[in-house]
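Okay, so here's the structure we're looking at.
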There are 2 protein chains.
Amino acid sequence: MTPSGKGDLFDPACPTRRLLDRIGTKWTSMAVKVLAEAGEDEVRFAELQRRIPGVSQKMLSVTLQSLTRDGLVARRVEPTVPPRVHYRLTVLGQSLEVPLAALRTWAEENMAAIDRANAAAAD
Amino acid sequence: MTPSGKGDLFDPACPTRRLLDRIGTKWTSMAVKVLAEAGEDEVRFAELQRRIPGVSQKMLSVTLQSLTRDGLVARRVEPTVPPRVHYRLTVLGQSLEVPLAALRTWAEENMAAIDRANAAAAD
DNA sequence: CGGAATCCCAATCGATACTG
DNA sequence: CAGTATCGATTGGGATTCCG
């Protein structure tokens, strides 16, 4: 990356876009929310899938991998057979939950207004 | 839209995902930021493009259309020739800026930690 | 049980060209 | 100037199958 070439892009100093690329991915915010609701408790893979309606095994898997690589989620494997894998938010992940919760609150309070604007624009 | 159709999915009671679908789109958050920085002032199309490095005419256009339909941005056309089109955040758009700014702050403060986690995971 | 691998479709985005 | 139209490349993500 960093094509210092020509039409060169925005600035690498814009972490916001990079963050939105991550949390904007289809299932990430829901996974963070579910894990945040669990508080200190760990949540197993299947349980997460149950609590995130519509998510496929694959997408939940890649989503959790991504969050784990980013240091937002911690993964713990019980070496039993069959294995049990537990997830929880890291401290960093919990700190992200704060602004994310604010965004959720905004969404809950204002999506209706956005829907109304869209309906009005549909003329 | 209005996923009353079929591709329908999880619960419609989750406005967060729908919001993230919008602001998570590549240029939306940057456009909102630039418009927010302008405060009460209006910003012209070309000026927005100048302030959002890398955005194409087309993408800026569709982004602004989307924001306008959502009632987050107001569009004003001066019927001169050539025309001048001005954009500004609506009150709703300004209210979105608040949680969005919080997310930006988080991003600026913690993306480095995420990058470090990624580097550490690259083993 | 919790993934990894593969396939495939749909949406997104960029480049380019054209218009009022 | 501020778009719209079209096309092609890239990506996201769902379904399915296989593995430890």
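All values below were derived from every heavy atom in this structure, side-chain atoms included, with hydrogens, water molecules and symmetry-related copies excluded. Residue numbering restarts at 1 for every chain, and letters A, B, ... go by the order of the sequence lines.
Here the side chain of B:Thr28 pairs a donor or acceptor atom with the backbone of B:Arg22 at under 3.5 angstrom.
The pair B:Glu47-B:Arg51 counts as a salt bridge, with a side-chain nitrogen and a carboxylate oxygen less than 4.0 angstrom apart. Remark: A:Arg104 engages A:Glu97 in a salt bridge, criterion side-chain N to carboxylate O under 4.0 Å. Ionic pairing of A:Lys26 and B:Asp21 is not present here: no N-O contact between side-chain nitrogen and carboxylate oxygen is shorter than 4.0 angstrom. We find that B:Glu40 and B:Arg88 are not joined by a salt bridge, their nearest charged nitrogen and carboxylate oxygen being 4.0 Å or further apart.
Residues from residues 32-47 of chain B that place a heavy atom under 4.0 Å from any atom of DNA chain D, listed by number: B:Arg44, B:Phe45, B:Ala46. Of the residues in residues 58-67 of chain B, those lying under 4.0 Å from DNA chain C by heavy-atom distance are B:Lys58, B:Met59.
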Under 3.5 Å, which N/O atoms of the protein pair with N/O atoms of nucleotides 18-20 of chain D?
none

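When each of A:Arg44, A:Arg75, A:Glu78 is checked for a side chain to side chain donor-acceptor pair (under 3.5 Å) with A:His86, only A:Glu78 meets the rule.
Atom NE2 of A:His86 is separated from atom P of C:dC1 by 13 Å (rounded to the nearest Å). Note: CD1 (B:Ile52) to P (C:dG14) measures 12 Å, nearest angstrom. Counting to the nearest Å, the C1' atom of D:dG14 and the CD atom of A:Gln49 are 12 Å from each other. Rounded to a whole Å, the CE atom of B:Met30 is 15 Å from the C1' atom of C:dC13. Going from atom CH2 of A:Trp27 over to atom P of D:dG13 covers 9 Å, rounded to whole Å.
The phosphate of C:dG3 has OP1 or OP2 within less than 4.0 Å of a side-chain N or O from A:Tyr87. At the phosphate of D:dG13, OP1 or OP2 sits under 4.0 Å from a side-chain N or O atom of A:Thr25. The shortest distance between the side-chain N/O atoms of A:Arg75 and the OP1/OP2 oxygens of C:dG3 is below 4.0 Å. Remark: B:Lys26 is not in phosphate contact with D:dT11, judged by side-chain N or O atoms under 4.0 Å from OP1 or OP2.
Atom CG in A:Leu72 sits 5.0 Å away from atom CG in A:Asp70 (nearest 0.5 Å). One distance of note links OG1 of B:Thr25 with CE of B:Met30; it measures 13.0 Å at 0.5 Å rounding.
Across all non-hydrogen atoms, the minimal contact from A:Gln49 to A:Ser56 is NE2-C, 3.8 Å.
Clustering ILVMFWY residues whenever any of their side-chain heavy atoms sit less than 4.5 angstrom apart, transitively, puts A:Ile114 in a cluster other than the one holding B:Val91.
B:Asn110 is not listed as a side-chain neighbour of A:Leu96, based on a closest heavy-atom distance of 4.5 Å or more.
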